[in-house]
Amino acid sequence: MNEYIERCEALLNELPNEVVRQDEPIYKHTYTQMGGLADLFITPNTYEETQLVLRFAHAHQVPVTLLGNGSNVIVKDGGIRGITLCLKQLNKVTITGTKMVAQTGATIIGASREALTQSLTGLEFACGIPGTVGGAFYMNAGAYGGQIADVLESVLVLTEEGDFLTLQKDEFEFDYRKSVFSKKRYIALEGTMLLEKGDAVQIKQKMDELTIARETKQPLEYPSCGSVFKRPPGMFAGKLIQESGLQGTRIGGAEVSKKHAGFIVNVDGSTATDYMNLVQYVREKVHETFGVMLETEVITIGEDLEDPVND
């Protein structure tokens with residue numbers, strides 16, 4: 001039996017059977033359709049179950065990896081050791097007046113559509129971001145001139161030790177694709193967003209425009225992790241990659257998209273190793289051509305696949 005599965009036997013006895021899977025293939029849960037096995041894949045139904053998992057893991061020194069919608073992440077071929085915590089079951093969105101309270105397992109696209117039903121403006125930018133509300137908090141997700149920092153008021157989190165804590169706006173430490181949630185490894189449970197009353201027709205028109213822009217410019221026909229690289233100051237990563245002559249470059253099953261150079265797509269059964277090697281190759285070539293070292297926006301987690309031992 002795996003070391004961590006054995007160590008968590010007492011925890012598994014306290015959780016409902018349906019929320020725990022052993023040796024779960026992570027490729028089923030990522031937009032890139034890559035990744036090895038997770039020792040324990042846990043999808044809590046309640047905040048209390050989530051707290052139980054974190055307190056047990058902290059007390060028994062079991063690593064915990066948070067996985068949202070799997071849209072902005074590369075999971076290595078060796079999989080994830082310990083507990084992979086997925087909060088997709090915590091996905092309620094409620095609106096009172098101009099305040100939206102969204103559990104972090106809800107999709108940010110779904111939250112933007114809920115805002116539209118109540119003629120609330122402020123989340124139009126998120127109508128095409130394929131992640132969870134929690135992922136949006138962690139990364140300060142943004143697109144088309146908007147970002148989550150513009151609307152987020154407070155967030156209920158669990159600390160690594162399993163203690164509940166409510167953070168206010170001045171504690172988020174938002175930066176470009178960064179936040180206090182990732183820095184301090186907080187597990188966000190729900191957030192309150194302050195929106196504004198608007199005109200439903202205008203809100204829908206804006207969302208439709210952004211959806212069309214996304215569908216026409218991005219290679220949605222292939223699995224990918226979205227935009228791989230952060231935007232360098234005063235530049236665009238995709239333009240630098242394109243002008244370096246890298247579109248169509250392949251390593252294994254991974255390819256620099258011919259449609260949008262800022263995307264690396266899984267065109268033919270790519271492994272995570274293929275994908276990461278292509279990411280590094282692009283960084284090196286852009287640096288050689290323009291003297292700019294691109295920073296990755298995508299998060300890489302998990303373990304490398306061990307080489308088989310020859311007898």
Side-chain angles (χ1 to χ4, degrees), residues 1-30 35-76 78-93 101-108 131-139 154-167 171-172 179-192 299-303:
M1 183 184 289
N2 174 284
E3 171 196 353
Y4 290 117
I5 295 177
E6 188 172 5
R7 203 180 294 181
C8 290
E9 196 168 342
L11 171 65
L12 304 188
N13 291 333
E14 294 189 57
L15 292 169
N17 290 336
E18 68 272 13
V19 308
V20 181
R21 298 178 208 167
Q22 296 183 21
D23 295 324
E24 176 71 4
I26 288 293
Y27 73 83
K28 295 180 178 180
H29 304 280
T30 62
L37 302 179
D39 293 343
L40 290 166
F41 189 83
I42 301 179
T43 53
N45 289 314
T46 66
Y47 295 168
E48 290 72 25
E49 287 177 359
T50 310
Q51 182 183 46
L52 176 65
V53 170
L54 290 177
R55 285 189 167 173
F56 185 95
H58 181 71
H60 294 83
Q61 297 182 313
V62 177
V64 176
T65 301
L66 185 64
L67 184 70
N69 214 29
S71 59
N72 190 44
V73 65
I74 299 170
V75 180
K76 294 182 180 180
I80 304 174
R81 304 289 71 80
I83 293 170
T84 301
L85 189 62
C86 179
L87 303 183
K88 283 186 180 180
Q89 297 302 314
L90 303 177
N91 54 23
K92 292 179 182 177
V93 177
V101 178
Q103 291 186 318
T104 54
T107 65
I108 192 66
T132 60
V133 168
F137 297 168
Y138 276 76
M139 297 294 293
S154 65
V155 180
L156 175 65
V157 305
L158 277 167
T159 66
E160 282 189 278
E161 296 78 20
D163 298 323
F164 289 107
L165 184 65
T166 299
L167 301 180
E171 299 175 279
F172 297 156
S179 73
V180 71
F181 309 108
S182 54
K183 290 177 190 173
K184 295 194 175 180
R185 295 182 57 82
Y186 290 145
I187 304 294
L189 298 175
E190 68 178 39
T192 299
I299 297 169
T300 301
I301 58 177
E303 308 289 329

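Heads up: numbering here begins at 1 and tracks the sequence.
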K.L.:
Evaluate the side-chain proximity of L158 to L165: yes if any heavy-atom separation is below 4.5 Å, no if none is.
P.N.:
no
K.L.:
Ring centres of F137 and F172 under 6.0 Å apart?
P.N.:
no
K.L.:
Does any N or O in the side chain of T132 come within less than 3.5 Å of the main-chain N or O of G68, such that one atom is a donor and the other an acceptor?
P.N.:
no
K.L.:
Charged N to carboxylate O below 4.0 Å: is that the case for E160 and R185?
P.N.:
yes
K.L.:
Within this structure, what is the CG-CG distance for the pair L37 and L40, rounded to the nearest 0.5 Å?
P.N.:
11.5 Å
K.L.:
Kindly indicate whether the side chain of L189, heavy atoms from C-beta on, has any atom under 4.5 Å from the side chain of F164.
P.N.:
yes
K.L.:
Just so I know, are the side chains of R55 and E161 near enough to count as touching, which here means a heavy-atom distance under 4.5 Å?
P.N.:
no
K.L.:
Can you find a pair of side-chain heavy atoms, one from S154 and one from L167, that are under 4.5 Å apart?
P.N.:
no
K.L.:
Please report the shortest heavy-atom distance between D39 and N2, naming the atom on each side.
P.N.:
OD1-ND2, 3.2 Å
K.L.:
Answer whether the closest heavy-atom distance between the side chains of K76 and T300 falls below 4.5 Å.
P.N.:
yes
K.L.:
Determine, stepwise, if the pair V19 / Q89 fulfils side-chain contact (heavy atoms from CB on, under 4.5 Å).
P.N.:
CA-CA 9 Å; V19 308; Q89 297 302 314; over 6 Å; no
K.L.:
Donor-acceptor pair, Q103 side chain versus K92 backbone, under 3.5 Å?
P.N.:
yes
K.L.:
Within a strict 4.5 Å, meaning less than it, do heavy atoms of the F41 and L67 side chains meet?
P.N.:
yes
K.L.:
Could you tell me whether E18 atom CD has more than 12 heavy atoms of other residues or ligands within 6.0 Å of it?
P.N.:
yes
K.L.:
Considering residues, nucleotides and ligands other than N17, do more than 12 of their heavy atoms fall under 6.0 Å from its CG?
P.N.:
no
K.L.:
Could you check if a side-chain atom of T84 sits within less than 4.5 angstrom of a side-chain atom of V64, using non-hydrogen atoms only?
P.N.:
no
K.L.:
Give, for atom CD of Q22 and atom CD1 of I42, the distance between the pair rounded to the nearest 0.5 Å.
P.N.:
9.5 Å
K.L.:
Looking at SG of C8 and CD of E14, how far apart are the two atoms once the value is rounded to the nearest 0.5 Å?
P.N.:
11.5 Å
K.L.:
How long is the span from the CD1 atom in I187 to the CG atom in L156, to the nearest 0.5 Å?
P.N.:
12.0 Å
K.L.:
Within this structure, what is the OG1-CD1 distance for the pair T65 and I299, rounded to the nearest 0.5 Å?
P.N.:
11.5 Å
K.L.:
Take atom NZ in K183; do more than 12 heavy atoms of anything else shown fall under 6.0 Å from it?
P.N.:
yes
K.L.:
How many angstroms lie between atom OH of Y47 and atom CG of L87, to the nearest 0.5 angstrom?
P.N.:
9.5 Å
K.L.:
Should P16 and E49 count as side-chain neighbours, where that means a heavy-atom distance under 4.5 Å?
P.N.:
yes
